[in-house]
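One structure below.
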Amino acid sequence: MKLSDLTKGIIKENPTFVLLLGMCPTLATTTSAANGMGMGAATMAVLIMSNLVISLIAKFIPAKVRIPSYIVVIASFVTMVELLMQVYTPGLFDSLGIFIPLIVVNCIVLGRAEAFASKNGPLSSAVDGLSIGLGFTLSLTVIGAVRELLGSGAIFGQTIVETEGILIFVLAPGAFLVLGYLLVLFNMLKKKVVK
Amino acid sequence: MAKESSLKNMVITLLLITFISGAAVGGVYSLTKDSIAATKLAKVNNSIAEVVPEFDNNPSEEQFTQEDLIFYPAKKGDELVGMAVSSYTNNGFSGRFDIMIGFRPDGTIHNIVTLEQSETPGLGAKIADKQKEGGKPVFTTQFIDKNPASYRLVVTKDGGDVDAITASTITSRAFTEAVQKAYDGFMKLQNEQNKK
């Protein structure tokens, strides 16, 4: 296990800016830095748990029913996360709304299960989940911070600039705009950093 | 080296996985059931406290429903000091939203808070904005201390007294409709009480 296994999800295999997976929740929940971070954290929790369990049981699942089996495991973890969020983070639960159950169909989760967890040991699978999850959380937090700053002059609810804000950044078109520009910036930076 | 995909293996595997998953989810559900109910109740109680004058009873325990409005009486001793009414409208820009209106016994509006809404952020969603201490007035501020007997609960565009949110006429109209519904329900109650 190398340090790069932990950090690969942040730059080299960043799910948002490199793998371009999970775009729907990315666009919808990044209306603020806190929402983006909350969504990322919930997805990371599911990623780690589902990667771990799936890597343990993959050998026992007949190939023809592996997708339904993985989905059942993922859906169970998402439901548990949802119930726990209702208890411990009710504000975040209300703001994320329907996107919490939609984590089940987030391509990242099933994608990692199929591509990595089903073919590797439990520890590396859990670390893979953590790494990709961290990358996802960081990406969503940054997009959320940019949209919140431009849309209302605040970050994490703290006012930085006293302004009414540019409304479009809080709405769908703004999500696409911010994601597009950050995509370019990220890949420019990545070219320089990753030789 | 997955197991061979025979019918027997597939059926047994799926049966086992769904059984265990179901049990696990059921377990977490029963563990969190009470906390979730308590959180929901706390949310309602907080909204009630925000919209009616000071009280010393437990309004949610004395709640009753009449024609799909929920009434939460706020009392001091045996005297009614306010009534929180949970009302709603289906004519919001994005469909239904729910609000809690606090009336004083004479029908004057004490305060209004939004319970659940999915209107457009930055536009219709402004119905949920709360005025901060010494801060700028928000959409709901204009309703405070107004009595719908003389204050027309219709947006100015339609000939009434309510200043709609800029570029959010539909949401504003739906909001006033919900307030009117609550007022009508409350006044009907008061009249029935007075007849006794």
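It should be emphasised that the depicted structure is a prediction, and the values quoted were computed from it without experimental measurement. Within every chain, numbering begins at 1; the chains are lettered A, B, ... in the order of the sequence lines, protein sequences first and strands thereafter.
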Among pairs that include at least one residue of residues 70-84 of chain A, which meet salt bridge (charged side-chain N to carboxylate O under 4.0 Å, His left out), considering only residues two or more places apart or in two chains?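 Passing the test, one end in residues 70-84 of chain A: no pairs.
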Most heavy-atom pairs under 4.5 angstrom with chain A, which of B/Ile12, B/Ile17, B/Ile20, B/Thr120?
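The answer is B/Ile17.
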Which atoms of [X] come close to chain A, meaning under 4.5 Å heavy atom to heavy atom: side chain ones, backbone ones, both, or neither?
X        : answer
B/Ser118 : neither
B/Thr13  : side chain
B/Lys40  : side chain
B/Ile36  : both

Tell me, for A/Ser69 versus chain B, whether the close heavy atoms (under 4.5 Å) come from the side chain, the backbone, both or neither.
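Both parts, backbone and side chain.
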* Asked: Does any heavy atom of chain B fall under 4.5 Å from the side chain of A/Leu83, the backbone, both, or neither of them?
  ->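 For A/Leu83, the contact with chain B is made by backbone and side chain together.
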Locate the shortest heavy-atom distance separating A/Val87 from B/Thr39; write the atom from each residue and the value.
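Smallest interatomic distance, heavy atoms only, reads O-OG1, 4.4 Å.
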Practice task
Taking all non-hydrogen atoms of both residues into account, name the closest pair between A/Lys64 and B/Ser5 and its distance.
Solution key: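 Closest pair (atom of A/Lys64, atom of B/Ser5, distance): N-OG, 3.2 Å.
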Crowding at [atom1], [X] (>12 non-hydrogen neighbours, <6.0 Å):
X        : atom1 : value
A/Phe156 : CZ    : yes
A/Leu179 : CG    : yes
B/Phe55  : CZ    : yes
B/Phe64  : CZ    : yes
B/Glu116 : CD    : no

Among the options A/Leu167, A/Val170, A/Thr79, A/Thr31, pick out the one with the most heavy-atom pairs lying under 4.5 Å from chain B.
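Heavy-atom pair counts peak at A/Leu167.
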Same cluster (ILVMFWY, side-chain, under 4.5 Å), [X] and [Y]:
X        : Y        : value
A/Ile74  : A/Ile108 : yes
A/Ile67  : A/Val104 : yes
A/Leu84  : A/Leu47  : yes
A/Met49  : A/Tyr88  : yes
A/Ile143 : A/Val146 : yes

Within-4.5 Å side-chain heavy-atom neighbours: B/Thr32 and A/Met80: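 Heavy-atom side-chain distance check fails, nothing below 4.5 Å.
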- Contacts of residues 123-154 of chain B with chain A (heavy atom under 4.5 Å):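 Checking residues 123-154 of chain B against chain A gives B/Leu123, B/Lys126, B/Lys136.
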Query - Approximate separation, where rounding is to 0.5 Å, of A/Ile61 CD1 and B/Met10 CE - result: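 A/Ile61 atom CD1 to B/Met10 atom CE measures 13.0 Å (nearest 0.5 Å).
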Quiz item: In Å and rounded to the nearest 0.5 Å, what is the CD1 to OG distance from A/Ile71 to B/Ser21?
Solution: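 Rounded to the nearest 0.5 Å, the CD1-OG separation comes to 12.0 Å.
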Criterion side chain to side chain contact (heavy atoms under 4.5 Å, CB included) on B/Val11 and A/Val65, from CA distance to verdict: CA-CA 9 Å; B/Val11 171; A/Val65 292; over 6 Å; no
